[in-house]
Amino acid sequence: MRTKPGPLITRTTAGAGHLAVCLAHWASGHTVSEEELLRRIIKARADAHAEAVDEHQREARRAHKKATKLRRVAAEDGGLVPAAQSDLNRAEHEARRHEAALEALGDFQITAVDPGQVGHRRKKIAALRCTALTLPVAGVAAGSWLLDGAVLLVSTLGAVTVCWMRGNTPFELSVRPVPAELLADTAQLLLDAEEEMPALPADPGKWKEELRTYVEQMVAIAKHEGQNGVHAVELLHGLQKKGDFLGITSSTFPSKLRDAGIPTKVVSVGGDKQIGVQYTELEKTLGHMPRLPVHLVPDLTARPSAPSPEGSTAAQ
């Protein structure tokens, strides 16, 4: 007759099974949700796009600065030597090349994520975690071979103790929540086309009208100060100082401008070329000249008062 295993063995075996299932669930990467993987893929794309835009803007500014310096030297000296003229031509060519790259990059647009990419990222996570699981086993084997067999004995006793302590209580196999910092970084990188933008007012017509009014006034102020437009990032900073559009990033804000019917293009402001709103383009879209804020409009109604009869008589 077969004898039933004792409660110690039964408890230890059950604990070992629960631990094995938990480790398999963790090592296969199923603790990471599909939403988190999608957000990480889109964030990586957005970061790569922003890095490329920053690099081209930086190189364009450098080339413009060099070309401006050489033109100033040419104006002061009445011309340039052939080597300096070649440097000027090269700087102008580099500036045009980087400006064309900025035009081609445009604004970051979210495209559909292939399910295969999600699966590939999960497999990468699983490969790293499986490697991490093999390290303790390899360490015990190496320690037993190189140091003493007691390492294996102690490790085995430790594993058995852990299994016994777990006993018949299974692990709750769950998916971890999406990290808060990832949610914050991808707050406006929508994963669903029907998802509502939380940073925008509830009434779409209202926020568009308010945004158009704000941009019109800022562009008018810039023109009054001798500039031909305003960079999108400067417009966004001004809005966020007032507590508006706090969830919008500089890479997604130009698309919000276009949603409100505001044209965007690469604008040169103080020699710095970035995506923004140009005065002439906005004037064409509005059908009238951009208006200044009321407090900046000059008062043309005031007239010098006519001299009083007494004053004229005294003068005579």
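No experiment lies behind these values; they were computed from the predicted model shown.
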- Query: Is Leu286 reachable from Leu211 through a run of hydrophobic residues whose side-chain heavy atoms are each under 4.5 Å from the next?
  - Reply: yes
- Message: For residues 165-184, which residue pairs pass the salt bridge (charged side-chain N to carboxylate O under 4.0 Å, His left out) check, not counting sequence neighbours?
- Response: Glu36-Arg176
- Message: So for atom CD, which belongs to Glu34, do other residues, nucleotides or ligands contribute more than 12 heavy atoms lying within a distance under 6.0 Å?
- Response: no
- Do Leu173 and Trp26 have side-chain heavy atoms sitting under 4.5 Å apart? no
- Across all chains, not counting sequence neighbours, the side-chain hydrogen bond (donor to acceptor under 3.5 Å, both in side chains) partners of Glu99 are His64, Lys273
- Is any NZ, NE, NH1 or NH2 atom of the basic residue among Asp47 and Lys43 found under 4.0 Å from an Asp or Glu carboxylate oxygen of the other? yes
- Query: Are the side chain of His30 and the backbone N or O of Ala24 linked by a donor-acceptor pair below 3.5 Å?
  - Reply: no
- Contacts of Arg96 that satisfy salt bridge (charged side-chain N to carboxylate O under 4.0 Å, His left out) - sequence neighbours left out: none
- Message: Counting only heavy atoms not in Glu51 (residues, nucleotides, ligands), do more than 12 fall under 6.0 Å from its CD?
- Response: no
- Message: Using a strict threshold of under 4.0 Å (side-chain N to carboxylate O), is an ion pair present between Glu94 and Arg97?
- Response: yes
- Any donor-acceptor pair under 3.5 Å linking the side chain of Ser28 with the backbone of His25? yes
- Task: Specify the closest pair of heavy atoms between Gly229 and Ala222, including all atoms of both residues, with the distance to one decimal.
- Result: O-CB, 3.7 Å
- Any side-chain heavy-atom pair from Thr12 and Thr161 closer than 4.5 angstrom? no
- Query: Can you check whether Leu80's main-chain N or O pairs, donor with acceptor, with Gln85's side chain at less than 3.5 Å?
  - Reply: no
- Without hydrogens or angle criteria, can the side chains of His56 and His98 be said to hold a donor-acceptor pair below 3.5 Å? yes
- So does Lys223 pair up with Glu283, basic N to acidic O under 4.0 Å? no
- Sidechain-backbone polar pair: His231 side chain, Val267 backbone, donor-acceptor under 3.5 Å: yes
- Task: In plain terms, say whether Arg39 and Glu35 are close enough for a salt bridge, that is, a side-chain N and a carboxylate O under 4.0 Å apart.
- Result: yes
- Item | For the student: nearest non-hydrogen atoms of Pro254 and Thr264, plus distance | O-CG2, 4.1 Å
- Message: Working to the nearest 0.5 angstrom, can you tell me the gap between Thr285 OG1 and Gln278 CD?
- Response: 10.5 Å
- Where do Leu235 and Met218 come nearest, in terms of heavy atoms and distance? CD2-CB, 3.6 Å
- Tightest non-hydrogen contact, residues Gly29 and Ala126, listed as N-CB, 4.4 Å
- Message: Donor-acceptor pair, distance only, cut-off 3.5 Å: does the side chain of Arg11 make one with the backbone of Gly167?
- Response: no
- Query: Is the closest side-chain heavy-atom distance between His288 and Glu216 below 4.5 Å?
  - Reply: yes
- Message: So which atom in Ala67 and which in Leu88 form the shortest heavy-atom distance, rounded to 0.1 Å?
- Response: O-CD1, 3.6 Å
- Query: Of all heavy-atom pairs between Ser33 and Arg122, which one has the smallest distance, and what is that distance?
  - Reply: C-NH2, 4.3 Å
- Message: Please tell me whether Ile221 and Leu257 are part of a single hydrophobic cluster in this structure, the criterion being side-chain heavy atoms less than 4.5 Å apart.
- Response: yes
- Run the salt-bridge test on Arg58 and Glu55 with the 4.0 Å N-O cut-off and return the result as yes or no. no
